[in-house]
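Order of the sequence lines sets the chain letters (A, B, ...), proteins ahead of strands, with each chain counted from 1.
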Amino acid sequence: MTSTINLQATLACGQVFHWRERGGGSWEGLIGESLAVVGQGPSGELQVLAGREDSVRNYLAMDHDLEAVYRGFPSDPTMGAALEFCRGLRIIRQPEWECLATFITSSMKQVAHIRQMSFALRQQFGRKVAGTDWLAYPTAAALASATEDDLRGCGLGYRAKYLRGTAQRVAEGSADLAAWRKLPDSELRTALSTLPGVGRKVANCVMLFGYERLAAFPVDTWIARILQRTYWRGGKKPTPLQLEQNLAERFGPQAGYAQQYLFHHARSTEGRGSPT
DNA sequence: TGCCAGGCCAAAT
DNA sequence: ATTTGGCATGGC
């Protein structure tokens, strides 16, 4: 079978925050500083309508073997329902800095507002992409030289200080995001966690969505509810860290995929926060 | 109106 | 080592 993708699930599941749906089920966004437009053919195959074919397919992780991923999922009704709902959702390969920065702004925010903040930062500090109405996500240097009040003006609230502090670490080179690629998972998590505004949950998101660490298992409020309700067999209410450490291996070496399927399914079907 | 949101940090057990 | 309170802002 040819590898396929569910664009709606992939681009609106809360792993990336700037893609826009256009008419006819096609989607438009930036990959770095290049415009990309993607759609799906009658049998669901990916169509690259703008952008370099190989670059787009790499960004969308079309090489991930989803059937192999699914074989690693536990077989229970909760996971089965999430799989049916999300089938074709891919964990994509985002640029490290953009992923890190957007997840620093994500704490205690709904997905819709993370998108707003991301958009405001692009409009205020991003570089224009010629021939389009897009602005690229601002560089670390651009945000490092912004004032905290400038960032608050983009709706960041108390996160402004965190984002600015991390931008300065990246811009001055004491946090070398590209070099960190060679670190094993636990050391990468430790390195990321030295940055302002990056705790265990954000570090796991950046590992999963920016570093292709598919075993990373972010536990947020949604996932915590699901895990407690369905998988936790213990007396006391578990901490997020307990849930992560005790349950991640149940979902296999690509636990991050299972996590994202559970997250997107729950958020899409249990009321508020419709993914738009 | 009140509650919660893809949490993190520093202070206080 | 673990728990608690504060934090900005917007949607429902």
Side-chain angles (χ1 to χ4, degrees), chain A residues 9-19 82 86 89 91-92 94 98-121 124 147-167 169 175 189-211 213 216-229 234-248 255-276:
Chain A
T10 299
L11 298 173
C13 71
Q15 65 174 322
V16 63
F17 300 95
H18 73 276
W19 286 79
C86 302
L89 189 166
I91 303 293
I92 67 175
Q94 294 182 54
E98 182 176 324
C99 182
L100 170 62
T102 55
F103 274 97
I104 284 173
T105 68
S106 76
S107 81
M108 291 296 291
K109 277 299 174 190
Q110 296 187 354
V111 170
H113 193 226
I114 301 169
R115 294 176 61 87
Q116 284 181 35
M117 291 185 288
S118 171
F119 180 79
L121 288 168
Q124 186 98 20
T147 69
E148 191 178 323
D149 278 348
D150 288 337
L151 300 181
R152 282 177 183 264
C154 294
L156 297 196
Y158 64 85
R159 304 159 194 79
K161 191 186 312 174
Y162 299 151
L163 181 58
R164 185 162 186 273
T166 289
R169 288 275 311 277
R189 183 181 293 108
T190 300
L192 288 167
S193 300
T194 66
L195 298 170
V198 181
R200 180 143 191 133
K201 190 271 174 183
V202 169
N204 280 330
C205 283
V206 178
M207 290 172 67
L208 180 58
F209 304 130
Y211 284 87
R213 304 303 173 98
F217 195 77
V219 177
D220 72 322
T221 53
W222 286 93
I223 291 297
R225 273 198 295 273
I226 297 165
L227 295 181
Q228 283 174 55
R229 182 199 309 152
K236 283 177 24 180
K237 193 176 106 178
T239 66
L241 181 60
Q242 286 176 312
L243 289 169
E244 178 188 337
Q245 295 186 327
N246 288 291
L247 295 180
Y257 255 101
Q259 179 275 153
Q260 195 60 17
Y261 277 53
L262 291 170
F263 174 82
H264 182 55
H265 179 231
R267 207 173 66 83
S268 301
T269 59
E270 292 179 24
R272 65 179 182 285
S274 68
T276 50

Student: Would you say T102(A)'s side chain and E98(A)'s backbone share a donor-acceptor pair under 3.5 angstrom?
Tutor: yes

Student: Could you go through nucleotides 11-13 of chain B and list every protein N or O atom that sits under 3.5 Å from one of its N or O atoms, giving the distance for each pair?
Tutor:
none

Student: What distance, rounded to whole Å, do you find between the two P atoms, one in dC3(B) and one in dG5(C)?
Tutor: 16 Å

Student: With heavy atoms under 4.0 Å as the rule, sort L151(A) into base, sugar-phosphate or nothing.
Tutor: nothing

Student: How long is the line joining CD of E270(A) and P of dG6(B), in whole Å?
Tutor: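 Those two atoms, CD and P, are 13 Å apart.
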
Student: Could you tell me the separation between the CZ atom of R164(A) and the CG atom of L156(A), rounded to the nearest 0.5 Å?
Tutor: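 Here the rounded value is 12.5 Å.
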
Student: Could you tell me how far apart L243(A) (CG) and dG6(B) (P) are, to the nearest whole angstrom?
Tutor: 18 Å

Student: Quick one: sort the F209(A) and F103(A) rings into parallel, tilted or perpendicular, breaks at 30° and 60°.
Tutor: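 Correct class here is parallel.
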
Student: Would you kindly give the CD1-to-P distance between I104(A) and dC8(B), to the nearest whole Å?
Tutor: 10 Å

Student: So do Q259(A) and N204(A) actually touch side chain to side chain, heavy atoms under 4.5 Å?
Tutor: no

Student: Just call it for G197(A): base, sugar-phosphate, or nothing, with non-hydrogen atoms closer than 4.0 Å on any strand.
Tutor: sugar-phosphate

Student: Generate the contact string for nucleotides 2-9 of chain C. Rules: B means base contact, S means sugar-phosphate contact only, - means no protein heavy atom under 4.0 Å.
Tutor: -S---BBB

Student: Does any nucleotide pair with dC9(B) by Watson-Crick or G-U wobble geometry, both distances under 3.5 Å, and what is it?
Tutor: dG5(C)

Student: Check for a donor-acceptor pair, side chain of Q228(A) on one end and backbone N or O of K237(A) on the other, with a separation under 3.5 Å.
Tutor: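 No, because the side chain of Q228(A) does not come within donor-acceptor range (under 3.5 Å) of the backbone of K237(A).
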
Student: Can you list the residues that meet the salt bridge (charged side-chain N to carboxylate O under 4.0 Å, His left out) rule with R169(A), with sequence neighbours excluded?
Tutor: none

Student: Could you tell me how far apart N204(A) (CG) and dG7(B) (C1') are, to the nearest whole angstrom?
Tutor: 12 Å

Student: Round to a whole Å and report the spacing from CG of L195(A) to C1' of dC8(B).
Tutor: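 Nearest whole value for this atom pair: 13 Å.
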
Student: Take Q15(A) and V198(A), find for each the nucleotide of DNA chain B with the closest heavy atom, and name the residue whose nucleotide sits nearer the 5' end.
Tutor: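 Going by which nucleotide is closer to the 5' end, it is Q15(A).
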
Student: I'd like to know if the side chain of Q15(A) and the backbone of L208(A) have a donor-acceptor N/O pair within less than 3.5 Å.
Tutor: no

Student: Could a donor-acceptor pair under 3.5 angstrom be found where the side chain of Q260(A) meets the base of dG6(B)?
Tutor: yes

Student: So which nucleotide does dT1(B) pair with, by the Watson-Crick or G-U wobble rule with both distances under 3.5 Å?
Tutor: none

Student: Going by 5.5 Å between centroids and 30° between planes, is there a stack of F103(A) over dG6(B)?
Tutor: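 The ring of F103(A) is not stacked on dG6(B).
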
Student: Please step through side-chain contact (heavy atoms from CB on, under 4.5 Å) for the pair V219(A) and L241(A), ending with a clear verdict.
Tutor: CA-CA 8 Å; V219(A) 177; L241(A) 181 60; over 6 Å; no

Student: In terms of the angle between their ring planes, are Y162(A) and Y158(A) parallel, tilted or perpendicular, with boundaries placed at 30° and 60°?
Tutor: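 The arrangement is perpendicular - the two ring planes meet at more than 60°.
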
Student: Can a salt bridge be assigned to the pair R200(A) and E244(A) using a cut-off of 4.0 Å between side-chain N and carboxylate O?
Tutor: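 So R200(A) pairs with E244(A) through a salt bridge.
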
Student: What interatomic distance, in whole Å, is found between P of dA11(B) and the corresponding atom of dA8(C)?
Tutor: 15 Å

Student: Can you figure out which of dG6(B), dG11(C), dA5(B) approaches the side chain of Q116(A) most closely?
Tutor: dG11(C)

Student: With heavy atoms under 4.0 Å as the rule, sort P240(A) into base, sugar-phosphate or nothing.
Tutor: nothing

Student: Would you measure the distance from the P atom in dG6(C) across to the matching atom in dG6(B) and give it in whole Å?
Tutor: 23 Å

Student: Please give, in whole Å, the distance from dG6(B) P to Q94(A) CD?
Tutor: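 Atom-to-atom, Q94(A) to dG6(B), this comes out as 16 Å.
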
Student: Rounding to a whole Å, what distance do you find between R225(A):CZ and dC4(B):P?
Tutor: 10 Å

Student: Check the distance between dC8(B)'s P and D220(A)'s CG and give it to me in whole angstrom.
Tutor: 10 Å

